[in-house]
Number of protein chains: 2
Amino acid sequence: MARPEPIRFRRSTLGEDVYETLKGLVLEHTLSPGDRINIDALAREFAVSPTPIREALARLESDGLVRKRPLVGYTVSPLLTRAEFTDMFEMRLLLECAATRWAAERTDAARRSAITTEAATTVVPEEDDPDGWHGAFTVLDARFHDLIAEASGNDLLRDGINRLHAHLHLHRRYFPYAQAGATVEEHRRIAAAIQAADPDGAEAAMREHLTRARERHLPAFD
Amino acid sequence: MARPEPIRFRRSTLGEDVYETLKGLVLEHTLSPGDRINIDALAREFAVSPTPIREALARLESDGLVRKRPLVGYTVSPLLTRAEFTDMFEMRLLLECAATRWAAERTDAARRSAITTEAATTVVPEEDDPDGWHGAFTVLDARFHDLIAEASGNDLLRDGINRLHAHLHLHRRYFPYAQAGATVEEHRRIAAAIQAADPDGAEAAMREHLTRARERHLPAFD
DNA sequence: TGATTCGTGATCCTATAGGATGTTTCATGG
DNA sequence: CCATGAAACATCCTATAGGATCACGAATCA
């Protein structure tokens with residue numbers, strides 16, 4: 001009868017686990033944008049001391065997922081304004097178009113195949129589980145874009161792209177089902193151009209994909 | 001006889017101050033790349049508890065300035081390899097060329113003047129204080145590039161650029177004096193094109209500046 | 001000589017108490 | 001009835017001590 005329940009499955013350090021878990025909670029909207037974060041409450045919830053919580057929050061603030069007001073507390077970052085959202089897509093166009101071009105130019109055959117395979121994967125819409133569908137679709141989308149970022153061969157570029165995607169995820173809940181098919185089709189075109197080692201075509205396909213993605217998202221701000 | 005010395009001039013929170021101070025120590029090479037960081041020793045040094053130290057280190061790790069090995073401790077990030085360095089300049093070309101173009105297109109008259117003024121400022125080389133000169137020159141360079149990043153009107157872009165500059169600062173110690181004049185001249189050309197609202201010219205000037213800057217730095221890797 | 005085992009040391013994590021600050025509520029005056 | 005002010009409250013931030021875990025080095029054995 002030593003310790004009945006704390007199943008502590010620590011991958012490396014407690015702070016790391018807390019960081020990943022908290023990031024998940026924010027991205028899943030279990031912690032909604034604007035919510036206040038009580039450190040002591042979280043510590044009790046996770047059955048850890050406030051120290052690793054505080055450490056995880058400091059990193060999340062660097063990611064822009066939470067905000068800290070001194071002597072007041074942490075809050076989940078609010079959703080992007082329309083202006084910030086267009087700024088983000090301006091950045092995505094800059095970063096991801098370049099990454100796609102370099103992926104088409106430089107990467108090896110194995111990665112090209114992986115990208116093509118990923119683009120061929122689809123997720124079936126389930127009307128009765130909208131949240132699950134949104135989650136699955138987002139994971140798929142994120143993995144596709146990360147594969148390209150990795151294939152660019154520039155790790156700093158990859159980090160920058162993933163940093164933007166974290167913000168994008170906060171908005172996935174407002175992405176319409178109906179247009180998922182178009183997204184998959186655009187992914188296929190990008191993958192095909194990369195597979196064919198066609199930098200111009202790949203960059204153009206990514207530019208069109210992102211431009212259309214922006215159009216698909218923008219109505220949510222009205 | 002309450003508290004004799006801790007002159008605590010806290011801007012907001014202790015963790016914030018510790019973060020800025022530590023960042024300075026790393027950038028100044030007071031903590032050299034590869035050095036191990038002892039949390040308890042730092043806490044004694046700053047006369048604070050380990051908690052804010054730990055919080056600051058978590059943020060610095062997000063910035064890429066320190067690395068954490070679980071259950072071993074923190075170390076100052078090593079200098080960039082040649083490959084990472086070229087990757088960084090690839091990123092700078094991407095981000096800063098776009099920022100310069102948009103600054104020339106969009107920004108207001110006040111910011112244009114500020115950029116021109118900053119480009120006209122120079123720092124005199126002092127042979128007997130190489131470290132002070134390097135520091136002053138770096139501050140000047142960083143401010144010029146940040147003014148342009150801010151004038152781009154895209155805060156995410158600005159953050160991305162500043163994140164890269166932190167890494168660049170770690171290498172400033174190996175930047176040769178003799179070529180500072182060329183840098184200033186290139187800055188002036190960029191500023192002039194922005195002042196003239198000439199996007200193409202401004203972007204081209206920035207591209208040439210960064211390309212040459214890369215050439216100036218590369219010999220340090222031999 | 002190489003691999004394995006053991007001991008030491010450092011680090012990380014936990015827990016709790018106290019001080020400082022922002023927020024909220026309530027009472028009072030206009 | 002509304003606005004202003006002060007006081008009580010809750011929360012966060014900081015500080016300190018102690019226990020558990022793991023990495024590293026030395027000694028031993030095959």
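All chains are named by letter (A, B, ...) in the order of the sequence lines, taking the proteins before the strands, and each is independently numbered beginning at 1. Since this is a predicted model, take the numbers as computed values, not measurements.
With the end axes of the helix from C/dT1-D/dA30 to C/dG30-D/dC1 each set by five pairs, the angle from one to the other reads 30° at 10° resolution.
If you measure from atom CZ of A/R44 to atom P of C/dT14, you get 15 Å, rounded to the nearest angstrom. Regarding A/E55, its CD atom lies at a distance of 16 Å from the C1' atom of D/dT14, rounded to whole Å. C/dG22 atom C1' lies 9 Å from atom CZ of A/R36, rounded to whole Å. The interatomic distance linking B/K68 (NZ) with C/dC13 (C1') rounds to 10 Å, in whole Å. The distance from atom CG of A/D40 to atom P of D/dC12 is 6 Å, rounded to the nearest whole Å. Per the geometry, CD1 belonging to B/I53 stands 17 Å off C1' belonging to C/dC13, to the nearest Å.
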(request) Evaluate ring pair (Phe, Tyr, Trp, His ring centres under 6.0 Å) for A/H145 paired with A/H209, printing each intermediate quantity in order. (result) CA-CA 11 Å; A/H145 284 272; A/H209 171 50; 5.4 Å; yes
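The backbone N or O of A/L65 lies less than 3.5 Å from no partner atom in the side chain of A/D63, so there is not a single donor-acceptor pair.
Position along DNA chain D of the nearest nucleotide to B/P50 versus A/R69 favours A/R69 as the more 5'-ward residue. If you find the closest nucleotide of DNA chain C to A/G15 and to A/V72, the one lying nearer the 5' end belongs to A/G15.
The side chain of A/R54 contributes an N or O atom lying less than 4.0 Å from OP1 or OP2 of D/dC13. The side chain of A/S49 contributes an N or O atom lying less than 4.0 Å from OP1 or OP2 of C/dT14. Look at B/N38 and you won't find any side-chain N or O under 4.0 angstrom from OP1 or OP2 of C/dA10.
At a cut-off of 3.5 Å, with distance as the only test, no side-chain donor of A/H217 or A/H171 sits close to an acceptor on the other residue.
Within a 6.0 Å radius of CD in A/E45, no more than 12 heavy atoms belonging to other residues, nucleotides or ligands are found. In this structure, B/R216 places its CZ atom where more than 12 heavy-atom neighbours from other residues, nucleotides or ligands lie under 6.0 Å away.
B/R172 forms no cation-pi arrangement with B/F175, by the criterion of a distance under 6.0 Å to the ring centre and an angle within 45° of the ring axis. Remark: A/R82 is not positioned above the aromatic ring of A/F85, lacking an NZ or CZ atom under 6.0 angstrom from the ring centre and at most 45 degrees off the axis.
If you check every strand for non-hydrogen atoms under 4.0 Å, B/I37 touches nothing.
Nearest nucleotide to the A/I39 side chain, out of D/dT14, C/dC13, D/dC13: D/dC13.
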